[in-house]
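Take a look at the structure set out below.
Since the structure is predicted, the reported quantities are computational estimates derived from the model, not experimental observations. In what follows, chains carry the letters A, B, and so on, assigned in the order in which the sequence lines appear, proteins first and then strands, with residues in each chain numbered from 1.
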Protein chains: 2
Amino acid sequence: MAVPIDLDRPPVDRGSGVSLWRQIAERIECEITTGAYPPGSLLPSESELTERFGVNRHTVRRSLAVLAEKGLVRSVKGRGSFVEEAPLPYPIGRRVRFSENVMAAGRAPRGRLLGVATVVDAEPTRRLGLPARTPLLRIEMVSSANGVPLSRSTSWFEAARFAGLEAELQRTGSVSRAFAAHGIADYARLETAISARLADPAEQELLELPTGRVVLVVEALNADADGRPIQVQRTRFAADRVHLVVNS
Amino acid sequence: MAVPIDLDRPPVDRGSGVSLWRQIAERIECEITTGAYPPGSLLPSESELTERFGVNRHTVRRSLAVLAEKGLVRSVKGRGSFVEEAPLPYPIGRRVRFSENVMAAGRAPRGRLLGVATVVDAEPTRRLGLPARTPLLRIEMVSSANGVPLSRSTSWFEAARFAGLEAELQRTGSVSRAFAAHGIADYARLETAISARLADPAEQELLELPTGRVVLVVEALNADADGRPIQVQRTRFAADRVHLVVNS
DNA sequence: CCCGATTTGTACGTATGTATC
DNA sequence: CGATACATACGTACAAATCGG
């Protein structure tokens, strides 16, 4: 039995044995890799894709879910589906400059301050070499490049020494600049430990990651020009948006 | 109504509102953290735990599954359930000595050669700075400490220069010693890139990981004393058994 | 090299308490 | 109140891997 098909635009092949969502996913993946949709760009909306392929929106959504699972696209509620950028090379060396790193890759860095608290916490206090129960400033941030969240970091500073740091941080979104305003022109890493695990729900939310994604955890101890520890920092990078480069 | 209980050994509290598997899991976790079962040791068998807690084997299995999910124990078919060791600090610097690293942590290193092949592969050839289509030796290994698999690595060498390398590798299980036998007394890292992702099924098998676990992927380019690239290596570490330490 | 004992992994089935509609 | 779904707990059997003799 011959099947009459509208040959003008045969976007999907019904009854070919290949499910529609798979055909559509492969088609979009092909268009992404060939450059029709460049990294960082917005895909057509689900309704537009629905119309283009002549299928139900559920089918398009399943295709996009597959691509999101593969890490090729990222769907954001209320905005649309974006093509993921190539992983950003992030140098892990003596120098620590998030903004410089991101700008060097030709992307626009942004730091957003989530919250500040004065806390007493034994672990970071010990690593900073301070007496037990010294009050610390704990700062929570999210950093992004080209609007794509890259990392979620928690930092601890001695509260007495860095009083008011959060104001500068809030204004500039840059740790380097906030340090500069406190008379710290230069600082470097003393220790760095790297591990990895699944992102927890809070990280999924803030980094706009689907469930089951991995974060690279970088625990760093930073010191001023005299080698005195000033910052303990735990950064969680979205592992499929960054790879760490050790420059030895 | 008073419930008569055998007070001689009340290992679990039935009808307390807390499920038996949870009580047992917490009990075993407590005994692990307090040192009753030291890292690397064998837990009592499921039958013994069944008898001790007076429950069905399924219930004990569920408790162990919870602890395995948390990364505290690791069950091996035919052998038993082991208490996981603390993550091994693994230095990522100029020097590359797996055996030294592991021995420095007081554990017994072991390298097992999985396979050797002569291949032509564009990517590693380019990184080694060799002409296109140069034959390469590709070597697959698994390394372990105290019998616990830590990493799975793939290495590429120029086949002409390192002919017969696999024999030495097979005998010693050590890349350093195999290099030494080829007149390379010293070598160091040129580049290192670190990423992370979920372990694929083959890696789960070889690294004895449950599904859903994470591997740290370290891509390294190693060079001889003259700075000439000699080895491209991709190592996948079980992320909950090592953390990488960058010594800058 | 095989054999049997031990141990974990998997698959059935059954019963019961609890929460929800 | 009944119907339904779900988690919990127990029973049994067998498969697969390991280890010692």
Dump the pairs, protein N or O against N or O of nucleotides 11-16 of chain C, anything under 3.5 Å, distances to one decimal.
| residue | atom | partner | partner atom | Å |
| --- | --- | --- | --- | --- |
| C:dA11 | N6 | B:H58 | NE2 | 3.1 |

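- As a whole-Å value, the separation of B:E48 CD from C:dT8 P is 9 Å.
- There is a side-chain donor-acceptor pair under 3.5 Å between A:S81 and A:S75.
- Taking CZ of B:R74 as the reference point, atom CG of B:L64 lies at 13.5 Å (rounded to 0.5 Å).
- Look at CG on B:L42: it is 12 Å from C1' on D:dT18, rounded to the nearest Å.
- Checking D:dC10, D:dT18, D:dT8 against every side-chain atom of B:R79, the shortest atom distance belongs to D:dT18.
- Across all strands, B:R61 comes closer than 4.0 Å to base atoms (heavy-atom distances).
- One finds a side-chain N or O of B:R62 lying less than 4.0 angstrom from the OP1 or OP2 phosphate oxygen of D:dT8.
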task: Check step by step if salt bridge (charged side-chain N to carboxylate O under 4.0 Å, His left out) holds for A:R241 and A:E85.
output: CA-CA 7 Å; A:R241 310 219 255 261; A:E85 312 256 2; over 6 Å; no
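- Atom pair B:E46:CD and D:dA17:P shows a separation of 16 Å (rounding to whole Å applied).
- As the counterpart of D:dC1, no nucleotide is assigned, since no Watson-Crick or G-U wobble pattern has both distances under 3.5 Å.
- Backbone-only contact: B:L20 has heavy atoms under 4.0 Å from sugar-phosphate atoms and none from a base.
- With ring centers used as reference points, A:F82 lies 6.0 Å or more from A:Y37.
- Using a 3.5 Å distance cut-off with no hydrogens or angles, the side chains of A:R236 and A:T154 do pair a donor with an acceptor.
- Rounding to whole angstrom units, CG of residue B:L49 and C1' of C:dT6 are separated by 15 Å.
- Contact check, B:N56 against D:dG11: a side-chain N or O comes under 4.0 Å of OP1 or OP2.
- Distances shorter than 4.0 Å separate some side-chain N or O of B:T59 from OP1 or OP2 on D:dC10.
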Pair B:L216-A:L216, side-chain contact (heavy atoms from CB on, under 4.5 Å): steps then yes or no: CA-CA 8 Å; B:L216 275 159; A:L216 276 160; 3.5 Å; yes
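- Separating the CZ atom in A:R152 from the CG atom in A:D200 is a distance of 8.5 Å, to the nearest 0.5 Å.
- Going from atom NZ of B:K77 over to atom C1' of C:dT10 covers 9 Å, rounded to whole Å.
- B:F82 places its CZ atom 12 Å from the C1' atom of D:dA17, with the value rounded to the nearest Å.
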